[in-house]
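See structure below.
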Amino acid sequence: MDEPILTIEERAAINSGHWFASLSPSLRHDILRCAYVKRYQDNGLIAARGEPPEEWVACAKGAVRVSSTSLSGKQITLTYMEPGTWFGDIAIFDGDRRTHDAYSHGETTLLCVAKADFKKILATHTELYEAMLRLQARRIRQLFGLVEDLNTLPLRARLAKQLLHLARSYGIPNLANANEIRISLQLAQEELAQLLGASRQRVNQELKAMERDDVIAIETAGLMIRDRAALLRIVEADK
(Lines give C-alpha, C1' and ligand atoms only; values in the text may rest on other atoms or scores of the structure.)
Protein backbone atom coordinates (compact mmCIF):
# COMPACT_ATOMS: atom_id res chain seq x y z
CA MET A 1 0.00 0.00 0.00
CA ASP A 2 1.51 3.29 -1.07
CA GLU A 3 -0.44 5.40 1.40
CA PRO A 4 -1.89 4.77 4.85
CA ILE A 5 -5.65 4.74 5.25
CA LEU A 6 -6.52 8.22 6.46
CA THR A 7 -9.67 10.22 5.92
CA ILE A 8 -9.48 13.18 3.55
CA GLU A 9 -9.42 15.55 6.52
CA GLU A 10 -6.70 13.58 8.32
CA ARG A 11 -4.52 13.41 5.23
CA ALA A 12 -4.97 17.15 4.72
CA ALA A 13 -3.85 17.77 8.31
CA ILE A 14 -0.66 15.78 7.74
CA ASN A 15 0.12 17.29 4.32
CA SER A 16 -0.55 20.86 5.47
CA GLY A 17 1.72 20.62 8.51
CA HIS A 18 4.38 23.31 8.06
CA TRP A 19 7.34 20.99 8.69
CA PHE A 20 6.09 18.03 6.66
CA ALA A 21 5.12 20.29 3.75
CA SER A 22 8.72 21.57 3.59
CA LEU A 23 10.06 18.10 2.73
CA SER A 24 10.73 16.96 -0.83
CA PRO A 25 7.97 14.95 -2.57
CA SER A 26 10.15 11.81 -2.63
CA LEU A 27 10.85 12.00 1.09
CA ARG A 28 7.18 12.59 1.92
CA HIS A 29 6.27 9.62 -0.27
CA ASP A 30 8.72 7.29 1.48
CA ILE A 31 7.50 8.36 4.92
CA LEU A 32 3.86 7.78 4.00
CA ARG A 33 4.66 4.52 2.22
CA CYS A 34 5.79 2.80 5.41
CA ALA A 35 3.47 4.60 7.83
CA TYR A 36 0.48 2.99 9.51
CA VAL A 37 -2.56 4.38 11.28
CA LYS A 38 -3.60 4.08 14.92
CA ARG A 39 -6.90 5.40 16.26
CA TYR A 40 -7.70 6.12 19.90
CA GLN A 41 -10.77 7.04 21.89
CA ASP A 42 -10.52 9.79 24.50
CA ASN A 43 -7.81 9.33 27.16
CA GLY A 44 -6.20 6.33 25.52
CA LEU A 45 -2.60 5.64 26.55
CA ILE A 46 -0.31 6.20 23.55
CA ALA A 47 3.05 5.93 25.29
CA ALA A 48 4.15 5.64 28.89
CA ARG A 49 7.11 7.21 30.61
CA GLY A 50 10.02 4.77 30.81
CA GLU A 51 9.04 2.79 27.72
CA PRO A 52 11.63 2.26 24.97
CA PRO A 53 10.91 4.27 21.81
CA GLU A 54 9.31 2.16 19.08
CA GLU A 55 7.65 4.71 16.79
CA TRP A 56 7.94 8.12 15.22
CA VAL A 57 4.49 9.66 15.29
CA ALA A 58 2.37 12.42 13.76
CA CYS A 59 -1.01 13.59 14.98
CA ALA A 60 -3.57 13.51 12.16
CA LYS A 61 -6.73 14.23 14.17
CA GLY A 62 -7.60 15.28 17.70
CA ALA A 63 -4.75 15.98 20.10
CA VAL A 64 -2.05 14.22 22.08
CA ARG A 65 -1.78 15.27 25.71
CA VAL A 66 1.78 15.09 27.01
CA SER A 67 1.93 14.85 30.78
CA SER A 68 3.98 13.90 33.81
CA THR A 69 3.05 12.77 37.30
CA SER A 70 3.93 14.75 40.42
CA LEU A 71 5.32 13.21 43.61
CA SER A 72 1.80 13.32 45.06
CA GLY A 73 0.48 11.29 42.11
CA LYS A 74 -1.25 14.17 40.35
CA GLN A 75 -1.08 14.18 36.55
CA ILE A 76 0.26 17.46 35.14
CA THR A 77 -0.42 18.44 31.52
CA LEU A 78 2.64 19.95 29.84
CA THR A 79 1.48 20.46 26.26
CA TYR A 80 -0.83 19.26 23.50
CA MET A 81 0.36 17.96 20.13
CA GLU A 82 -1.97 19.28 17.45
CA PRO A 83 -2.77 17.82 14.01
CA GLY A 84 0.21 18.05 11.68
CA THR A 85 2.75 17.79 14.52
CA TRP A 86 5.44 15.07 14.50
CA PHE A 87 6.98 13.79 17.74
CA GLY A 88 8.71 10.83 19.36
CA ASP A 89 11.96 11.26 17.47
CA ILE A 90 14.10 12.52 20.36
CA ALA A 91 14.06 9.18 22.20
CA ILE A 92 14.86 7.38 18.94
CA PHE A 93 17.87 9.62 18.32
CA ASP A 94 19.39 9.46 21.80
CA GLY A 95 18.38 5.84 22.48
CA ASP A 96 16.93 6.71 25.87
CA ARG A 97 13.46 5.86 27.16
CA ARG A 98 10.32 7.98 26.92
CA THR A 99 10.43 10.86 29.40
CA HIS A 100 6.69 11.59 29.57
CA ASP A 101 3.28 9.97 29.24
CA ALA A 102 1.20 10.60 26.12
CA TYR A 103 -2.59 10.24 26.01
CA SER A 104 -5.20 10.89 23.35
CA HIS A 105 -7.40 13.90 24.01
CA GLY A 106 -10.74 13.29 22.35
CA GLU A 107 -10.96 10.94 19.36
CA THR A 108 -7.42 10.94 18.01
CA THR A 109 -5.75 9.54 14.90
CA LEU A 110 -2.01 8.98 14.73
CA LEU A 111 0.23 8.27 11.77
CA CYS A 112 3.11 6.06 12.92
CA VAL A 113 6.48 5.04 11.49
CA ALA A 114 8.30 2.13 13.14
CA LYS A 115 11.75 2.95 14.55
CA ALA A 116 13.47 0.59 12.09
CA ASP A 117 11.72 2.22 9.13
CA PHE A 118 12.55 5.70 10.46
CA LYS A 119 16.24 4.77 10.53
CA LYS A 120 16.03 3.33 7.00
CA ILE A 121 14.52 6.57 5.74
CA LEU A 122 17.31 8.53 7.44
CA ALA A 123 19.88 6.34 5.68
CA THR A 124 18.17 6.81 2.31
CA HIS A 125 17.34 10.52 2.55
CA THR A 126 20.13 12.65 3.98
CA GLU A 127 17.69 15.54 3.56
CA LEU A 128 15.82 14.23 6.60
CA TYR A 129 18.80 14.94 8.90
CA GLU A 130 18.71 18.65 8.07
CA ALA A 131 14.92 18.66 8.31
CA MET A 132 15.08 17.09 11.77
CA LEU A 133 17.62 19.72 12.85
CA ARG A 134 15.17 22.42 11.75
CA LEU A 135 12.43 20.69 13.71
CA GLN A 136 14.56 20.51 16.87
CA ALA A 137 15.59 24.16 16.48
CA ARG A 138 11.95 25.17 16.22
CA ARG A 139 11.13 23.22 19.38
CA ILE A 140 14.00 24.89 21.26
CA ARG A 141 12.82 28.34 20.16
CA GLN A 142 9.30 27.52 21.34
CA LEU A 143 10.62 26.25 24.67
CA PHE A 144 12.67 29.41 25.28
CA GLY A 145 9.63 31.47 24.30
CA LEU A 146 7.48 29.67 26.87
CA VAL A 147 10.09 30.17 29.60
CA GLU A 148 10.37 33.86 28.69
CA ASP A 149 6.59 34.31 28.75
CA LEU A 150 6.34 32.56 32.11
CA ASN A 151 8.92 34.92 33.62
CA THR A 152 7.97 38.20 31.93
CA LEU A 153 4.26 38.23 31.08
CA PRO A 154 1.36 38.53 33.51
CA LEU A 155 -1.19 35.72 33.54
CA ARG A 156 -3.73 37.72 31.53
CA ALA A 157 -1.29 38.12 28.62
CA ARG A 158 -0.19 34.47 28.77
CA LEU A 159 -3.82 33.38 28.74
CA ALA A 160 -4.60 35.61 25.76
CA LYS A 161 -1.59 34.21 23.91
CA GLN A 162 -2.66 30.63 24.65
CA LEU A 163 -6.22 31.31 23.47
CA LEU A 164 -4.89 32.76 20.21
CA HIS A 165 -2.76 29.65 19.70
CA LEU A 166 -5.73 27.35 20.37
CA ALA A 167 -7.86 29.39 17.98
CA ARG A 168 -5.25 28.96 15.23
CA SER A 169 -4.91 25.22 15.84
CA TYR A 170 -8.48 24.27 16.73
CA GLY A 171 -10.58 27.25 15.69
CA ILE A 172 -13.89 26.75 13.90
CA PRO A 173 -15.57 29.89 12.49
CA ASN A 174 -19.04 30.56 13.82
CA LEU A 175 -21.43 30.31 10.86
CA ALA A 176 -23.78 32.82 12.51
CA ASN A 177 -21.00 35.37 13.03
CA ALA A 178 -17.84 35.25 10.91
CA ASN A 179 -15.92 37.31 13.50
CA GLU A 180 -16.32 34.64 16.16
CA ILE A 181 -14.16 31.52 16.45
CA ARG A 182 -15.03 28.48 18.56
CA ILE A 183 -12.14 26.48 20.04
CA SER A 184 -13.05 22.88 19.29
CA LEU A 185 -10.48 21.38 21.67
CA GLN A 186 -12.29 20.65 24.92
CA LEU A 187 -10.10 21.79 27.81
CA ALA A 188 -11.09 21.87 31.45
CA GLN A 189 -10.01 25.03 33.24
CA GLU A 190 -7.61 22.91 35.33
CA GLU A 191 -5.91 21.69 32.14
CA LEU A 192 -5.70 25.23 30.77
CA ALA A 193 -4.23 26.39 34.08
CA GLN A 194 -1.54 23.70 33.95
CA LEU A 195 -0.49 24.87 30.48
CA LEU A 196 -0.06 28.37 31.90
CA GLY A 197 1.67 27.43 35.14
CA ALA A 198 -1.11 28.99 37.20
CA SER A 199 -3.91 27.93 39.54
CA ARG A 200 -7.36 27.07 38.20
CA GLN A 201 -8.87 29.81 40.37
CA ARG A 202 -6.69 32.56 38.86
CA VAL A 203 -7.34 31.34 35.32
CA ASN A 204 -11.07 31.26 36.04
CA GLN A 205 -10.90 34.86 37.26
CA GLU A 206 -9.13 35.99 34.07
CA LEU A 207 -11.58 34.10 31.84
CA LYS A 208 -14.54 35.68 33.62
CA ALA A 209 -12.97 39.13 33.23
CA MET A 210 -12.46 38.52 29.48
CA GLU A 211 -16.06 37.37 29.23
CA ARG A 212 -17.28 40.54 30.96
CA ASP A 213 -15.26 42.57 28.45
CA ASP A 214 -16.97 40.61 25.62
CA VAL A 215 -13.62 39.25 24.40
CA ILE A 216 -14.64 35.60 24.85
CA ALA A 217 -17.75 33.61 25.71
CA ILE A 218 -17.60 30.62 28.05
CA GLU A 219 -20.02 28.04 26.68
CA THR A 220 -20.78 24.39 27.38
CA ALA A 221 -19.45 23.43 23.94
CA GLY A 222 -16.17 25.23 24.63
CA LEU A 223 -14.64 28.68 24.55
CA MET A 224 -15.75 31.13 21.88
CA ILE A 225 -13.36 33.88 20.79
CA ARG A 226 -15.56 36.93 20.20
CA ASP A 227 -12.88 39.59 19.71
CA ARG A 228 -9.56 38.26 18.41
CA ALA A 229 -8.19 41.80 18.02
CA ALA A 230 -8.76 42.42 21.73
CA LEU A 231 -6.73 39.31 22.61
CA LEU A 232 -3.91 40.57 20.39
CA ARG A 233 -4.01 43.94 22.16
CA ILE A 234 -3.75 42.22 25.56
CA VAL A 235 -0.62 40.36 24.41
CA GLU A 236 0.98 43.40 22.76
CA ALA A 237 0.30 45.65 25.76
CA ASP A 238 2.54 43.56 28.00
CA LYS A 239 5.49 43.02 25.64
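- Note on ring orientation: taking the six-membered ring where Trp is involved, the planes of W56 and W86 are tilted (angle from 30° to 60°).
- Here the CD atom belonging to E127 is positioned 11.5 Å from the CD1 atom belonging to I121, to the nearest 0.5 angstrom.
- Between Q162 and L196, the closest heavy-atom pair is CB-CD2, 3.9 Å.
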- prompt: Between E10 and T109, is a side chain to side chain donor-acceptor pair (under 3.5 Å) present by the stated rule, with each step listed?
  reply: CA-CA 8 Å; E10 290 166 350; T109 301; 2.7 Å; yes
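- Few gaps surround CG on L133; more than 12 heavy atoms of other groups in view lie less than 6.0 Å from it.
- Here the closest heavy-atom approach between residue I14 and residue C59 is recorded as CD1-O, 3.7 Å.
- Taking a 6.0 Å sphere around CZ of R202, one finds it holds 12 or fewer heavy atoms contributed by other residues, nucleotides or ligands.
- To the nearest 0.5 Å, atoms CE (M132) and CZ (F93) are separated by 4.5 Å.
- A chain of hydrophobic side-chain contacts below 4.5 Å, direct or via other Ile, Leu, Val, Met, Phe, Trp or Tyr residues, connects I183 to I218.
- Residues E219 and R182 are paired through a salt bridge, judged by an N-O separation under 4.0 Å between the basic side chain and the carboxylate.
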- request: Walk me through it: do R158 and L150 pass the test side chain to side chain contact (heavy atoms under 4.5 Å, CB included)?
  value: CA-CA 8 Å; R158 300 204 312 274; L150 189 61; 3.9 Å; yes
message: side chain to side chain contact (heavy atoms under 4.5 Å, CB included), that's the test. Do E236 and R233 meet it? Break it down for me.
response: CA-CA 5 Å; E236 293 295 329; R233 287 195 294 271; 5.7 Å; no
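- Between R228 and E180 no salt bridge is recorded (no basic side-chain N to carboxylate O distance below 4.0 Å).
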- request: Step by step, work out the side chain to side chain donor-acceptor pair (under 3.5 Å) result for H125 and E130.
  value: CA-CA 10 Å; H125 295 270; E130 184 178 345; over 6 Å; no
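- In this structure, the side chains of Y170 and L187 stay at 4.5 Å or more apart for every pair of heavy atoms.
- Taking 4.0 Å as the cut-off between side-chain N and carboxylate O, K61 and E107 count as a salt-bridged pair.
- Within a 6.0 Å sphere centred on CD of Q201, heavy atoms belonging to other residues, nucleotides or ligands number more than 12.
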- request: Begin with the C-alpha distance, continue with both residues' side-chain angles, and end with the deciding distance and a verdict on side chain to side chain contact (heavy atoms under 4.5 Å, CB included) for L23 and I31.
  value: CA-CA 10 Å; L23 305 179; I31 291 172; 3.9 Å; yes
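- Atom CG of L45 sits in a crowded spot, with more than 12 heavy atoms from other residues, nucleotides or ligands closer than 6.0 Å.
- Residues F20 and L32 are in side-chain contact: their nearest non-hydrogen atoms beyond the backbone lie under 4.5 Å apart.
- Note: Y103 and Y80 fail the aromatic proximity criterion, with ring centroids not under 6.0 Å apart.
- In this structure, R139 and L135 have side chains that are in contact, with non-hydrogen atoms separated by less than 4.5 Å.
- S104 and Q41 share no donor-acceptor pair across their side chains, judged by distance under 3.5 Å alone.
- Residues satisfying the ring-ring contact (aromatic ring centres under 6.0 Å, His included) criterion with F87, sequence neighbours excluded, are absent altogether.
- For D214 against D227, the heavy-atom pair with the smallest separation is O-CB, 4.0 Å.
- Exactly one of T108, D101, N43 qualifies for a side chain to side chain donor-acceptor pair (under 3.5 Å) with R65. That residue is N43.
- A heavy-atom distance below 4.5 Å is not found between the side chains of V66 and T77.
- A salt bridge does not link R98 with E51: none of the charged nitrogens is closer than 4.0 Å to a carboxylate oxygen.
- Only one option out of I234, V235, V203 pairs with R156 in a side-chain contact (heavy atoms from CB on, under 4.5 Å); it is I234.
- Using a 4.5 Å heavy-atom threshold, the side chains of L207 and L192 count as touching.
- Environment of CZ in R49: sparse, with no more than 12 heavy atoms of neighbouring residues, nucleotides or ligands closer than 6.0 Å.
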